[in-house]
A.B. asks: 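Could you have a look at this structure, given as structure tokens, before my questions?
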Amino acid sequence: MAGRDGRGLTLDDPPNSRLFILCPKGTTEQEFRDAFEKYGTIEDVWIIKDKRTNEDRGIVYIKFSKTSEAMQAMEEMNGRALPGSNKGLKVVVANSKRDGSTRDPREDERLVRLFVIIPKHFTEQKLRSEFSEFGEVESVTVLKDHGTGENKGFGYVRYFKPLHAALAYENCDTSYRPKFAEPQRSRGERDEIEYHGFPHHSSAGQKRLYEDDFRGGGAFGADVFHSGPSSVLGAPRPGPLEMLADYPLNSNCSRLVIQAPVGLTQGYLSKLFNLIPGMEYCDLNETTGVAYARYSSPQCATYARDKLNGFEYPLGSPLHVQLADDSVRQEYPMSVDSNYSQYSGGFGSYSTNLGNLSSVDPMDVRQKAAMILEKAGINPHNLLSSSSNAGSVGDGRRERSAFYCSIPLPPPQPTVQEDGTNLAQRLFIVCQPSGVSEKVLRDAFCRFGNLIDVYLLSGRNYGYAKFASKTSAMKAIETLHGQSLAGQKLKVLEAEPPKSNPAHGGFLGDEGPSKKQRL
DNA sequence: CGACGGGACGC
DNA sequence: CGACGGGACGC
């Protein structure tokens, strides 16, 4: 495997496995081997000499078979002298041959940060805990859609030490497809999302949760938009208009039309939309579920739409939020909104802790929205128009029932991580007529146990579920086939083997033909 | 102190 | 009918 490409392209395979070492002239290959072999398998020692004079230039390349071996050697030998010498070595990762001798100031960046593919339901907290087994994680980032806050399916993990990144690279589950991340291009590099541990979810209480809107911790007090100009930093705090002034805009509409699940009340809907700065009113017809909201600027309104459109509470009951057509004029006197003012007093401190847009986690609004509704004790059963299932799970006191499904389902079970060998059965899923959110799918399919992943192809009404247990998969078929989820008719069949089988052509990955490819 | 060689399966 | 996803960081 190692020597497949004779012409110099194997030098950096695996990545960062070759060291560039400045050393005293005259050091012999054996001396290098003696000093470095304890870190792993040395594939090559190459002492550089001047082509013409054959003079030793005090440079040696040492190629290890594994990244982690090279990292450990670098860590321990950099600055150390070889026996019989008093001169410390300089040991760094060698550049690739074509990059030559250019010294990159962000060199370390390449050694500690991994780019990984992750399940769509992963949180930063989950990603961090998954990768902590290889060493102390400095920070993690999960990329999210700017509009919806949906996890885009990949992220970054940054370690403090190159060795730990290498161990993760080599040993993490293959489904992460780890790569050493390219350094971020421009200087704005500290943008990485610091996730400051997991502490205050359990005990610190609701208030604390809401106050911690900011990545940097709750440095800003609550009520940014309601409490006027002074901040903890003493600088005047911009109002919502200034803060959202740069939000992408292609409309001058400040008003939203909302279709809410029937059963959601005026008060809670107001609280949801008051999470976005600049809300002036939010007025719901509780009979039809249609609401209108107005914001102080088109930017605010657009931002609110992007954050809350598609928000599902309960699962399978998304809010539909659009910019209202302002050519149709309507009167919404502020005074009508007496319900809102009543609630906004109580919840004002939770709202709108947006500092500047670039530091806001797009997920925050939705997380807080979910918390508001859950904390409010809104019972999903009461929100369902087709509630054939309501109350039928008599034991469902603590367990979340699958209220969105046409029949009762067993309680949710944890999903499992795919490891390249545990895929036991794939299912083919069709949702008619249109489709259903992945959240709903996951909530339904996980209930049979051993679910690895479930998804619909983008823009399609069909997709796949992967199980690590055939029994679990068969139970899913038996139970769900012919039922409906959130009003969508479901077909669930055993999947045919994938059509595109990369059994020929390019290089196969490091795992070779696997069970996965046969399923 | 700072950047790139040598070898050459055997079906 | 309905058959195989997605991959680079708010400049």
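So you know, we letter chains A, B, ... as the sequences are listed, proteins then strands, and number each from 1. We use all heavy atoms of the structure for the numbers below, so side chains are in, but hydrogens, waters and symmetry mates are not.
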A.B. asks: Reckon A:Arg460 touches a base, only the sugar-phosphate, or nothing at all at heavy-atom distances under 4.0 Å?
C.D. replies: nothing
A.B. asks: Please name all residues satisfying side chain to side chain contact (heavy atoms under 4.5 Å, CB included) with A:Arg57, sequence neighbours left out, ordered by chain then number.
C.D. replies: A:Ile48, A:Asp50
A.B. asks: What is the distance, rounded to the nearest whole Å, between atom CZ of A:Arg18 and atom C1' of B:dA3?
C.D. replies: 8 Å
A.B. asks: Under the rule syn = chi within 90° of 0, otherwise anti, which is C:dC9?
C.D. replies: anti
A.B. asks: Taking only heavy atoms on the protein side, list every residue of residues 82-89 of chain A lying under 4.0 Å from any atom of DNA chain B, sorted numerically.
C.D. replies: A:Lys87, A:Gly88
A.B. asks: Under 4.0 Å between a side-chain N or O of A:Lys51 and OP1 or OP2 of B:dG5?
C.D. replies: yes
A.B. asks: Using a distance-only test with no angle check, is there a side-chain donor-acceptor pair under 3.5 angstrom linking A:Glu69 and A:Ser17?
C.D. replies: no
A.B. asks: Does A:Arg113 contact C:dC9 through a side-chain donor or acceptor facing the base, at a distance under 3.5 Å?
C.D. replies: yes
A.B. asks: Can you name the side chain to side chain contact (heavy atoms under 4.5 Å, CB included) partners of A:Glu76, sequence neighbours left out?
C.D. replies: A:Tyr39, A:Gln72
A.B. asks: Hey, what do you get for SG (A:Cys23) to CD1 (A:Ile62), rounding to the nearest 0.5 Å?
C.D. replies: 8.0 Å
A.B. asks: Of the options B:dA3, C:dC9, C:dA3, whose atoms approach the side-chain atoms of A:Tyr464 most closely?
C.D. replies: C:dA3
A.B. asks: Should the pair A:Arg110 and A:Phe180 be classed as cation-pi, given the thresholds of under 6.0 Å to the six-membered ring centre and 45° from the axis?
C.D. replies: no
A.B. asks: Which part of the nucleic acid, if any, lies within contact of A:Phe154, taking any heavy atom under 4.0 Å across all strands shown: a base, the sugar-phosphate backbone alone, or nothing?
C.D. replies: sugar-phosphate
